[in-house]
Amino acid sequence: MKALLMGAMAAALLASTAAQAQMKPEEMVETRQAGYQFMAWNMGKIKAQVIDGKEAYDQAKVAAAANTIAAIANSGMGALYSPETTTEQLGNKTRLKPEFFQNLEKAGQIGRDFTAAANQLASVAASGDQAAIKKAFGDVGGSCKSCHDNFRAER
């Protein structure tokens, strides 16, 4: 099992390196921004139904939105981050602070926490338990905020 896990980690690292080699820094930024925008749009769907009550609750739609968020969180977006994609190199084309790469352990933990929260949201959305969805939704939002507070530049 350990060998399988190590092999999977090595494959992910190679895929990450390959993605960085194939994309220009500007393309990496545009792609990751698109992923976050799509997740935000899906968070909005859940918020409107479960948090704000602006739309009628539809368990299937909430679950689909949560599954989308989890899929993107698990898609390997870490490959879209490189030191060439910060505000230092690209100015206002990005909001990623260079400090991200000076604190990779913290950035990695925030990313893992986000992925775990997104997976939990998908799991509870499948159950239809609106109280659990609210909590999980808050946890996802909190993990987003943690990254923004630490590594996102103001405009």
Side-chain angles (χ1 to χ4, degrees), residues 9 12-13 15-16 19-20 23-155:
M9 289 173 55
L13 179 60
S16 170
Q20 288 179 353
M23 297 179 84
K24 294 178 183 175
E26 294 84 356
E27 294 170 324
M28 293 169 73
V29 169
E30 290 172 6
T31 303
R32 81 175 175 238
Q33 287 173 346
Y36 290 121
Q37 288 171 347
F38 197 56
M39 283 192 282
W41 183 64
N42 280 280
M43 288 287 285
K45 290 181 188 181
I46 297 169
K47 184 176 186 284
Q49 293 183 43
V50 180
I51 309 301
D52 298 338
K54 290 182 179 179
E55 294 181 19
Y57 176 72
D58 182 326
Q59 192 271 332
K61 288 181 181 179
V62 169
N67 287 336
T68 299
I69 295 163
I72 296 169
N74 286 283
S75 71
M77 284 186 61
L80 300 172
Y81 288 82
S82 78
E84 294 80 32
T85 65
T86 70
T87 55
E88 193 171 77
Q89 288 75 31
L90 298 177
N92 66 0
K93 292 181 183 177
T94 184
R95 294 174 71 180
L96 180 64
K97 293 179 181 179
E99 290 84 356
F100 181 93
F101 295 98
Q102 297 161 7
N103 298 288
L104 286 175
E105 186 174 320
K106 183 175 188 172
Q109 186 60 55
I110 290 170
R112 288 186 295 279
D113 291 347
F114 170 72
T115 301
N119 290 338
Q120 180 64 18
L121 177 61
S123 177
V124 298
S127 77
D129 180 345
Q130 290 186 51
I133 294 168
K134 283 181 183 180
K135 183 193 179 316
F137 180 89
D139 292 343
V140 171
S143 66
C144 293
K145 184 179 181 331
S146 178
C147 191
H148 290 188
D149 288 350
N150 286 279
F151 302 117
R152 189 179 197 199
E154 298 292 324
R155 286 219 170 147

Identify all side-chain donor-acceptor contacts of residues 108-117 below 3.5 Å with residues at least two apart in sequence or on another chain.
unit_1, atom_1, unit_2, atom_2, d
Q109, OE1, R112, NH2, 3.2
Q109, NE2, D113, OD1, 2.7
R112, NH1, G108, O, 3.3
T115, OG1, A73, O, 3.4
T115, OG1, G111, O, 3.1

Would you find a donor on one side and an acceptor on the other, under 3.5 Å apart, between the side chain of [X] and the backbone of [Y]?
X: E26; Y: K93; answer: no
X: R32; Y: M77; answer: no
X: S123; Y: N119; answer: no

Quick check: do [X] and [Y] have side-chain heavy atoms less than 4.5 Å from each other?
X: I72; Y: N42; value: no
X: M43; Y: V140; value: yes
X: F151; Y: N103; value: yes
X: L96; Y: T87; value: no
X: M28; Y: S82; value: yes
X: D129; Y: V124; value: no
X: E99; Y: N150; value: no

When rounded to the nearest 0.5 angstrom, what distance separates [atom1] in [X] from [atom2] in [Y]?
X: I46; Y: I51; atom1: CD1; atom2: CD1; result: 8.5 Å
X: H148; Y: E154; atom1: NE2; atom2: CD; result: 10.5 Å
X: Y36; Y: L80; atom1: OH; atom2: CG; result: 8.0 Å
X: T31; Y: M23; atom1: OG1; atom2: CE; result: 3.0 Å

Kindly give the heavy-atom pair with the smallest separation between [X] and [Y], and that separation in Å.
X: A66; Y: A125; answer: CB-CB, 3.6 Å
X: Y57; Y: I133; answer: OH-CD1, 3.7 Å
X: Q33; Y: T94; answer: NE2-CA, 4.0 Å
X: N92; Y: R155; answer: O-NH2, 3.1 Å

Exercise for the section: Using side-chain contact (heavy atoms from CB on, under 4.5 Å) as the criterion, point out the one residue from Q59, K61, K54 that pairs with Q49. Expected result: K61

Practice task
Verify whether one side chain among E88 and T86 offers a donor that lies under 3.5 Å from an acceptor in the other.
Solution key: no

Exercise for the section: Describe, in one word, how the ring planes of F100 and Y81 are oriented to each other, choosing from parallel (under 30°), tilted (30 to 60°) and perpendicular (over 60°). Expected result: parallel

Handout entry: Flag if over 12 foreign heavy atoms under 6.0 Å of NZ, K134
Key = no

